[in-house]
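Hydrogens, waters and symmetry mates play no part in the numbers below; they use all other heavy atoms, side chains included. Numbering of ligands and ligand atoms starts at 1, following listing order.
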Amino acid sequence: MIEVQQLTKRYGEKTAVDRLDFVVRPGTVTGFLGPNGAGKSTTMRMIVGLDAPTSGSVKVNGKRYAQHSAPLQEIGALLEARSIHPGRSAFDHLMVQAHTHGIPRRRVEEVIELTGLQAVARKRAGAFSLGMGQRLGIAAALLGDPATVMLDEPVNGLDPDGVLWIRNLLTGLAEEGRTVFVSSHLMSEMALVADHLIIVGRGRLLADTTVRELVRMHGGDAVTVASDQPARLREILSGPGVEISGEVGSEHLHVTGLSARAIGLKAAEHGIALFELSSRTVSLEQAFMELTHDAVEYHGAGTVDTSGRAA
Ligand SMILES: Nc1ncnc2c1ncn2[C@@H]1O[C@H](COP(=O)(O)OP(=O)(O)OP(=O)(O)O)[C@@H](O)[C@H]1O
C-alpha cells in the first residue's frame with residue numbers, strides 16, 4: 001500500500017509535485033499517468049526516499065520509507081535512472097544487493113529465472129540490451145519479495161515480446177495480492193494492464209479512478225440510433241441506468257447504458273425500423289488527451305487534440 005498525503009516538491013520556483021493525495025491499494029495494478037514533466041518520476045523518487053518532500057508525506061505499507069528496517073523487503077522499485085556497474089555480471093549485481101540485505105543466494109537465482117535472465121546472468125551488465133537492462137532492473141526490484149512493487153516506465157524500449165512479458169508479470173504480481181504501481185506514457189498499454197489510474201498534470205492530481213470510469217466520464221460507450229419514431233423509441237429504451245438524449249425534431253437519439261445489439265433487438269420487437277445504429281467507444285487515449293490537454297507543458301507544433309482544436 002502506498003499512501004500519499006498533500007505531497008509537494010518544489011525545485012526553486014518550479015513546483016514539480018503539488019499537494020498530491022492518493023492511495024495505491026494492494027491486489028490491483030495501478031497506472032500512474034501524466035504528460036511529460038507532470039511530476040511522476042519526482043513522486044516515485046519521494047515514495048522511496050530518494051528525494052525529500054518540500055511538504056506533505058508518503059507512507060509505504062504503513063510507514064515512511066526510512067522507518068522500515070528492511071525497505072527492500074517492503075517496496076521494490078525500478079526507477080528511470082538505474083545505476084548498474086557495467087563491468088559486473090547480472091548475477092554479481094544482484095548478489096551484492098542480496099548480501100547487504102541478508103537475502104539468500106537462492107532468491108537471486110529465483111529472480112534471475114523469473115525475469116528470464118538465466119542465459120545472460122554471468123555476462124557483463126554493460127553489454128546488455130535495453131530490454132535485458134530492464135529485466136535486470138525488475139529482478140533487483142523483486143529481490144526482497146516486496147509487498148509493494150513500483151516501476152517507472154517499465155515497457156520503455158521493449159520489443160512486443162518484452163511488453164507482453166511485463167504485462168503478465170504485473171498482473172501476476174497483483175493477483176498474488178501485491179500493490180503494483182506503474183508509470184507509463186502508453187495509454188493503450190495501461191488500458192490492458194491497469195485496473196485503477198492515478199492521473200497527474202503539472203504536479204496536480206487530475207483523476208483517481210478506474211479505467212472504465214474514466215472512459216465512461218469522457219463519453220463512454222454511446223450508441224447513436226435513428227428512426228422515424230424517436231419519441232416511441234425513447235419510451236421503449238428507457239430504464240434504470242439508461243441515458244437518452246436527442247434534439248427535438250431530430251430522428252437521432254444518443255443512448256448510453258445499452259448496447260447497439262440490445263437497442264436493435266428492442267426496436268425490432270416493437271416493429272420500429274432503424275435507419276442508423278452505431279456505437280462510439282471513447283478510447284483511454286482520447287479520454288487521457290481530453291483530461292490532460294490543459295496540463296501538457298510542451299505541445300508539438302501543429303498537433304491537434306481529440307476535440308479538434310489546434311494545440
Ligand atoms: N532535480 C530537479 N531540479 C529541477 N527541476 C526538476 C528536477 N527534477 C524534476 N524537475 C522538474 O519537475 C517537473 C516534473 O518532473 P518529473 O521528471 O517528475 O516529471 P515526469 O512526469 O516524470 O516526466 P516524464 O514523463 O517526462 O518522465 C519537470 O518540470 C522537471 O523539469
For R45, state whether at least one heavy atom is located under 4.0 Å from any atom of ligand 1.
yes
Does even one non-hydrogen atom of G39 get within less than 4.0 Å of ligand 1?
yes
Assess, by modelled atom type and distance only, whether the side chains of H101 and Q73 contain a donor and an acceptor separated by less than 3.5 Å.
no
Go through the side-chain N and O atoms of H93 and Q97 and say whether any donor and acceptor fall under 3.5 Å apart.
yes
R204 bridged to D21 by N-O distance under 4.0 Å
no
Would E269 and K266 pass as an ion pair if we require N to O under 4.0 Å?
no
Please state which option from N36, V200, V17 has its nearest heavy atom closest to atom 26 (O) of ligand 1.
N36
Polar-atom distance check: [X] versus ligand 1, any N or O pair below 3.5 Å?
| X | result |
| --- | --- |
| A38 | yes |
| A16 | no |
| E153 | no |
| T43 | no |

With sequence neighbours excluded, give me every side-chain hydrogen bond (donor to acceptor under 3.5 Å, both in side chains) pair touching residues 237-249.
none
Which of the numbered atoms in ligand 1 are under 4.0 angstrom from any heavy atom belonging to S41?
17 (O), 18 (O), 20 (P), 22 (O), 27 (O)
Lys NZ or Arg CZ of K9 over Y11 ring: under 6.0 Å, within 45°
yes
